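All of these numbers come straight from a predicted model, not from anything done at the bench. Both ligands and their constituent atoms are indexed starting at 1 by order of listing.
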Amino acid sequence: MDRYAVIGNPVSHSLSPAIHLRFARQLGEPIEYTALLAPLDDFAGEARRFFDGGGRGANVTLPFKIDAFRFAGHATQRAWLAGAANFLALEGDGIRADNTDGIGLVADLVENLGVRLEGSRILIVGAGGAARGVIAPLLEAGPLRMVIANRTAERARELAQRFAAKGSVEAVALGAIPKEEFDLVLNATSTSTHGQQLALPAHVLRAGALAYDLAYGPGAASFLSLARAQGMRASDGLGMLVEQAAESFRLWRGKRPATAEILAELRSRSA
Ligand code: NAP
């Protein structure tokens, strides 16, 4: 059986093994997929052992997405742009890095949640590894405007410059978000993962708009209930997780799994 894994720290909570094994059953693909805990200071050692031991591909999660990009011998253009990778594949005798987070988010927004990104006004809060992965695919969908707001404004400015060739992006500090109507507010900070409340200016949460937390599970509940209380539609990032996994599976195996059933099942389990 071909071997795949998700590498992270911590990683025991990861839903990726269950999702990929489900995809494998659905498509009759004989794969093994496990979770590997890498030491915080030695992602490369763990990844090297995995690929030397016959591994064919890996997903990479917190906090190793930048390490994964550096580990690979070559990378796709979108991984270069992000400077971070959640996907590694053995190709010939080398390792290729890619980033499927953005395509996973766009698929969840457009196909699962029925969002029209073209002509929309998007606010991304956060400028870490996840934001890096999603900005280019969102800009490619043709929004009217994108604002990146971050606690450390300098990091937002770096990202706005990095992606300037892809579209118009404004960077601001968290407390200086312009008073305008956003259609989509993305929480790409790690606050939900760390059980913290994201402090946003009151005008940002506007009835009728969609609030989307890239995090999923109980941690996302506080941001989502705050948004719902303002009359917003709200979603966590479970769909993004499943869709980025489907894209990873397609890149490794050449077949794209259907996602609706597994997503509904994971949602009903967490309800
Ligand atoms: P990261 O690289 O550590 O970045 C963290 C970001 O959160 C930074 O912008 C940081 O601001 C900001 N932040 C942290 N604490 C804050 C606070 N108290 N108030 C305001 N901002 C704060 O993390 P990441 O890799 O980007 O992950 C972000 C989230 O995306 C996580 O919840 C992760 O689980 C989720 N994610 C989900 C998927 C999925 O498939 N659904 C995929 C990828 C990531 P500073 O720059 O000022 O420190």
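Within the structure, the ring pair (Phe, Tyr, Trp, His ring centres under 6.0 Å) test picks out the following pairs touching residues 251-271 (sequence neighbours left out): Tyr4-Trp252, His20-Trp252, Phe87-Trp252.
Counting non-hydrogen atoms of other residues, nucleotides and ligands closer than 6.0 Å to CZ of Arg267 gives a total above 12. In Glu265, the CD atom is crowded: over 12 heavy atoms of neighbouring residues, nucleotides or ligands sit closer than 6.0 Å. The number of heavy atoms from other shown groups lying within 6.0 Å of CD (Glu154) is above 12.
The side chain to side chain donor-acceptor pair (under 3.5 Å) test with Gln244 is passed by exactly one of Asn99, Asp108, Asn86: Asn86.
No chain of hydrophobic side-chain contacts below 4.5 Å, direct or via other Ile, Leu, Val, Met, Phe, Trp or Tyr residues, connects Phe43 to Leu62.
Each of Leu62, Lys65, Asp101, Gly126, Ala127, Gly128, Gly129, Ala130, Asn150, Arg151, Thr152, Arg155, Leu174, Ala188, Thr189, Ser190, Thr191, Thr193, Gln196, Leu198, Leu214, Ala215, Tyr216, Gly237, Met240, Leu241 has a non-hydrogen atom positioned under 4.0 Å from some atom of ligand 1.
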